[in-house]
Each structure stands twice: as C-alpha cells, then as structure tokens.
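Down below is the structure, laid out as structure tokens.
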2 protein chains.
Amino acid sequence: MTDFDPVPHPLPDPLVDLIAQRFRVLSEPMRIKLLDRLRDGDASVTELQEALGASQQNVSKHLGVLLSAAMVSRTKHGTSVRYAIADPGVFTLCEHVCGGLRRQLSELDAVLATEVTA
Amino acid sequence: MTDFDPVPHPLPDPLVDLIAQRFRVLSEPMRIKLLDRLRDGDASVTELQEALGASQQNVSKHLGVLLSAAMVSRTKHGTSVRYAIADPGVFTLCEHVCGGLRRQLSELDAVLATEVTA
DNA sequence: GCGTAGCACAACCAAACAGTTGTGCAATGG
DNA sequence: CCATTGCACAACTGTTTGGTTGTGCTACGC
C-alpha cells in the first residue's frame with residue numbers, strides 16, 4: 001500500500017499534466033503560507049485571514065484551490081468552517097525544495113570560494 | 001553536508017517566495033517533459049524540439065526558465081548547445097507528487113468501494 | 001568569404017490568474 | 001423574527017505568462 005511501482009518513463013502526457021497541475025497549486029506564496037499555518041492544526045477562515053493579514057475573500061479563494069487539489073479538508077463546524085491538512089505529503093515536498101535550495105546555495109558558495117582562491 | 005537543519009516554522013516570507021517560485025518552474029507540462037527527456041541524458045535544443053514536437057523558440061524559452069532555476073545546465077558544444085540535468089532532486093520531487101496522486105486515487109477507490117458496499 | 005545550421009532574444013497576442021469589490025446565504029444570538 | 005457573524009460565489013481589473021512570429025548572432029562546411 002505504501003510502496004509503489006516506479007514512475008513510468010517516459011511520462012505519459014496525462015500524467016505530465018497532473019504533475020504540472022499539482023506543482024501549480026503550490027506555486028503561490030499565499031497558498032504555501034496557508035499550508036504552513038495549518039501545520040499548527042486546523043483553523044477557520046477568519047483565523048487564517050488574521051494570521052496572514054489577507055482579505056477574507058482571497059483566503060477563501062486560495063483555500064478553494066487547495067481543497068480542489070485535496071491538499072486540505074473542509075469541515076463545517078457550527079457557523080464556522082475548519083480547514084485542515086489533508087495530505088501531509090506536501091510538507092515532504094517543501095522540505096525537498098528547501099533542501100534543493102540549500103544545495104544550490106552551497107554550490108554557489110563553493111564556486112565563489114574557488115573564485116577567490118584562484 | 002547532506003543533512004540539513006529542519007525547515008523553520010513558521011516559514012519566513014522570503015523563503016516562502018523562493019519555494020513558490022521553485023514550484024512555479026515545475027508547473028508547466030512542457031518543462032516537465034523537457035526534464036523527463038533529459039533524464040535519458042543530455043540533448044541539444046534540436047533534439048528536444050523533435051522529441052517534444054514543439055517549436056525551437058518555445059523549447060529555448062522553457063529551457064531558459066529551467067536554466068535560470070539551475071535545474072538544467074547549458075554547455076556549448078561546437079555549433080550546438082547541450083542541455084543536461086543539473087539538479088537530480090527534481091525527479092525526487094516528481095516521484096513524491098506521483099506518490100501523492102496515487103494516494104489520492106487509492107482513497108477515492110476506497111470511498112467508492114464503501115459507497116457501493118453501503 | 002558565403003550560405004547554412006543551431007540557437008537565443010524581442011515584440012506581440014491571447015489565455016490564465018491573483019486580488020479587490022460586491023453580494024448571497026446559512027447559522028447563531030438577542 | 002431580526003441583526004450579526006462567517007463564509008463562498010460572481011464580476012471586474014491589472015498583471016503574468018505561454019505560444020507564435022520575426023530577427024540577430026555564432027560556428028561550421030564549402
């Protein structure tokens with residue numbers, strides 16, 4: 001259940017589109033911030049709005065995108081609505097990206113170092 | 001060198017922007033296809049163009065984006081230019097995305113199954 | 001040199017998208 | 001009931017961006 005077949009290669013077109021679409025969902029700073037905030041636990045739209053300092057409509061809109069991608073879950077709770085992380089895998093992705101960024105910085109440092117040494 | 005500090009939380013704004021920017025680079029099907037093709041080894045613009053069935057200018061443009069993100073490397077080789085994967089980490093990312101997609105499909109199947117059983 | 005092949009750059013167009021404004025709607029408290 | 005709170009939907013706007021077209025530039029073969 002947790003181990004999968006290797007990813008096909010070359011990637012079939014429909015899969016390519018799905019992958020790109022997934023990345024696109026994560027390509028907005030506000031959505032990253034929302035996910036990062038939800039890492040502390042579920043929250044209402046109002047709470048997220050205050051945490052990010054954005055308009056209520058904008059927050060709702062981005063939450064809608066995340067919900068469509070099934071990255072968050074939506075639960076009506078009285079007069080309020082609580083959003084929560086539905087796919088913790090997104091954090092793994094972010095960590096890998098951060099790792100990649102650090103790698104690039106390290107390489108840049110190395111290049112600059114040799115540059116100076118030379 | 002290969003193990004890093006944990007990712008800070010909450011994510012500082014500049015880092016959020018970097019992460020989102022990185023994801024944005026990967027949010028285009030054509031760029032995913034280019035990376036997938038380069039997985040077989042380095043290639044010239046013309047080769048990539050023929051492999052993807054796209055225009056030369058468009059391929060060059062997307063390669064430029066990938067190059068700016070340091071995901072590919074560019075090497076002049078005679079009258080031709082060879083592009084190659086510079087950051088193999090992108091494939092890890094793609095695999096994680098694929099894994100997430102499969103998880104979602106599995107869950108969907110499970111839901112449908114209980115739906116039928118009920 | 002001269003024509004050609006390989007590639008990148010700039011200008012343009014159309015589509016997608018983020019953000020705001022305005023509004024509708026459901027649930028709660030008085 | 002009625003006003004208020006919490007949220008989502010729709011329309012609009014400015015910006016971004018993917019793709020095309022046109023062009024310049026560099027390296028090679030003749």
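Every heavy atom of this structure was used, including side-chain atoms; hydrogens, water molecules and symmetry mates were not.
- When every heavy atom of B:L11 is checked against every heavy atom of B:P8, the shortest pair comes out as CD2-O, 3.2 Å.
- As a whole-Å value, the separation of B:K33 NZ from D:dG19 C1' is 14 Å.
- Residues B:Q56 and B:S60 have side chains that bring a donor and an acceptor to within less than 3.5 angstrom of each other.
- In the region residues 10-31 of chain B, proximity to DNA chain C at under 4.0 angstrom, judged on heavy atoms, holds for none of the residues.
- The side chain of A:S55 has C:dT20 as its nearest neighbour among C:dG6, D:dT20, C:dT20.
- Taking atom NE2 on B:H77 and atom C1' on C:dA8, their separation rounds to 19 Å, with Å as the unit.
- Contact check for B:P12 versus B:L15: side-chain heavy atoms found under the 4.5 Å cut-off.
- No donor-acceptor pair under 3.5 Å is formed between the side chain of B:E50 and the backbone N or O of B:E47.
- Within residues 41-50 of chain B, the residues approached by DNA chain C to less than 4.0 Å at the level of any non-hydrogen atom are B:S44, B:V45, B:T46, in residue-number order.
- For the pair A:Y83 and D:dG6, the criterion of a side-chain N or O lying under 4.0 Å from OP1 or OP2 is not met.
- Taking atom CD1 of residue A:I32 and atom C1' of nucleotide C:dA18, one finds them 15 Å apart after rounding to whole Å.
- Side chain to side chain, A:H77 and A:R82 fail the donor-acceptor criterion of an N or O pair below 3.5 Å.
- The CG atom of A:L63 sits 14 Å away from the C1' atom of C:dA18 (whole-angstrom rounding).
- In this model, the phosphate group of D:dC9 is not approached by any side-chain N or O of A:S60 to a distance below 4.0 Å at OP1 or OP2.
- Between B:R22 and B:D87, at least one side-chain N (NZ, or NE/NH1/NH2) sits under 4.0 Å from a carboxylate O, which counts as a salt bridge.
- Protein atom CG of B:L52 is 14 Å distant from nucleotide atom C1' of D:dG19, rounded to whole Å.
- Distances shorter than 4.0 Å separate none of the side-chain N or O atoms of B:R74 from OP1 or OP2 on C:dC7.
- With respect to B:V16, the side-chain contact (heavy atoms from CB on, under 4.5 Å) criterion is satisfied by exactly one of A:K33, A:R31, A:M30: A:K33.
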In 5'-to-3' order, the base (B), backbone-only (S) or no-contact (-) status of each nucleotide in nucleotides 22-30 of chain C, using a 4.0 angstrom heavy-atom cut-off, is BB---SS--
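- Rounding to the nearest 0.5 Å places CG of A:L93 at 9.5 Å from SG of B:C94.
- With A:M71 as reference, A:L26 is the one residue of A:L26, A:L63, A:I85 to meet the side-chain contact (heavy atoms from CB on, under 4.5 Å) rule.
- Taking side-chain N and O atoms only, A:R82 has no distance below 4.0 Å to OP1 or OP2 of D:dG6.
- Distance check, rounded to the nearest 0.5 Å: CZ of A:R102 to CG of A:L108 gives 15.5 Å.
- Taking side-chain N and O atoms only, A:H62 has a distance below 4.0 Å to OP1 or OP2 of C:dG19.
- Note: CG (B:N58) to P (C:dC7) measures 15 Å, nearest angstrom.
- A cation-pi arrangement is present between B:R39 and B:F91, with the terminal nitrogen or guanidinium carbon under 6.0 Å from the aromatic centre and inside a 45° cone about the axis.
- Panel note: side chain A:E28, backbone B:R24; no donor-acceptor pair is recorded below 3.5 Å.
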